[in-house]
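Data first, discussion second: the structure below is written as structure tokens.
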Amino acid sequence: MKTNLVRSKLKRGEPSVGTWLTLPDPIAARLMARTGFDWLTVELEHAPVTIETATQSFAVIAGNGTVPLARPPWNTAENIKRVLDNGAWGVVLPMVNSRAEAEAAVDAARYKPLGNRSVGGQLHAASFDTDPATYYERANDEILVVAMIEHVQAVENADAILSVPGLDAFFIGPNDLTKSMGRKPVFESDDAEFVGALEHLRQLGKKHGVASGIHVADAAAAQRRIAEGFQMIAIASEAGLMLAKAQEAVRALGLGTARPAVAKY
Ligand code: 3PY
Ligand code: MG
């Protein structure tokens, strides 16, 4: 069975960088899996990605030596089971706002004795290049469980959320977090409430031995966050990276007026 090198890196305290896959396209996933990111998160929350497309993407990502993660549409047992049973090596769960929600996530993502994940499926084992019996034996050591902290309620409850056994990392969604603070959704802000929340969360991550993660807009921001101690960093998305490069070329050549088609992530 293959080893989840992202989980190992995070456990060793090292940074791990990836991006989001928002296009419903396993060919884009295949190409992105060869660029050198540690992991790619297939986006099922805000993008038109179906479970069939996601399943194909998990396979080509894993087959090209990169770790396939999934962000399910919401933090429910049904969603978690569907993506893990079809080949994701980990879940990045939206809007985990309470200890009970974090416990439910771990319960759905881990087999007994750490949880109550239901046994079944074929593609989970194939994705790790092993057989189902070995997968059931070892999955609890390889599956990455990440709770998104992206609401002021989650920041308030973070001490309780991050103390839940079986959680590997938390991941800040700055856009939802700033929106929940009553501001415009942004990746970066100098606002004291936002800056203070990030520092508070990182300290709690250290206290509970849970890796700190955050979504950023570009490589320079990723370097800054890594220097601050964040470990799990997502840079934009494949669509965002593609559009940024295209817009750079258009601007350099002084071509016509761009339509407002900027992808955030
Ligand atoms: C957010 O910024 O809200 C996100 O969900 C990023 O992944
Ligand atoms: Mg979000």
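Counting starts at 1 for both ligands and their atoms, in listed order.
- Of the protein's non-hydrogen atoms, the one nearest atom 7 (O) of ligand 1 is His215 ND1, 2.8 Å.
- Nearest non-hydrogen protein atom to atom 4 (C) of ligand 1 is Tyr265 OH, 3.3 Å.
- In terms of protein heavy-atom proximity, atom 3 (O) of ligand 1 is closest to Asp176 N, 2.9 Å.
- Short contacts between ligand 1 and Glu150, defined as distances under 4.0 Å to a heavy atom of the residue, involve ligand atoms 1 (C), 3 (O), 4 (C), 5 (O).
- In this structure, Glu137 contributes its side chain and Ala133 its backbone to no donor-acceptor pair below 3.5 Å.
- In this model, no donor atom of one side chain and acceptor atom of the other lie less than 3.5 Å apart for Trp39 and Thr66.
- In terms of protein heavy-atom proximity, atom 1 (C) of ligand 1 is closest to Gly173 CA, 3.3 Å.
- Any protein N/O/S atom under 2.8 Å from the Mg ion (ligand 2) was counted, giving 2 altogether.
- The side-chain tip of Arg202 points at the ring of Phe230 from less than 6.0 angstrom away and within 45° of straight on.
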- Carefully, step by step, assess Gln56 and Glu52 under the rule side-chain hydrogen bond (donor to acceptor under 3.5 Å, both in side chains). CA-CA 7 Å; Gln56 300 300 337; Glu52 289 88 349; over 6 Å; no
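- In this structure, atom 5 (O) of ligand 1 lies nearest to the protein heavy atom Arg71 NH1, 2.7 Å.
- Of the possible donor and acceptor atoms, one in the side chain of Arg99 sits under 3.5 Å from a partner among the backbone N and O of Ala160.
- There is no side-chain donor-acceptor pair under 3.5 Å between Asn175 and Lys179.
- Residue-to-ligand polar distances keep Met148 apart from ligand 1: every N/O pair is separated by 3.5 Å or more.
- Heavy-atom neighbours of Arg183 CZ from other residues, nucleotides or ligands within 6.0 Å: above the threshold of 12.
- Aromatic ring orientation, Phe187 versus His215: tilted (interplanar angle from 30° to 60°).
- For ligand 1, the atoms lying closer than 4.0 Å to a non-hydrogen atom of Asn175 are 1 (C), 2 (O), 3 (O).
- With 3.5 Å as the limit, one finds no donor-acceptor pair spanning the side chains of Arg110 and Asn140.
- For Phe171 and Trp20, the ring centers sit closer than 6.0 Å to each other.
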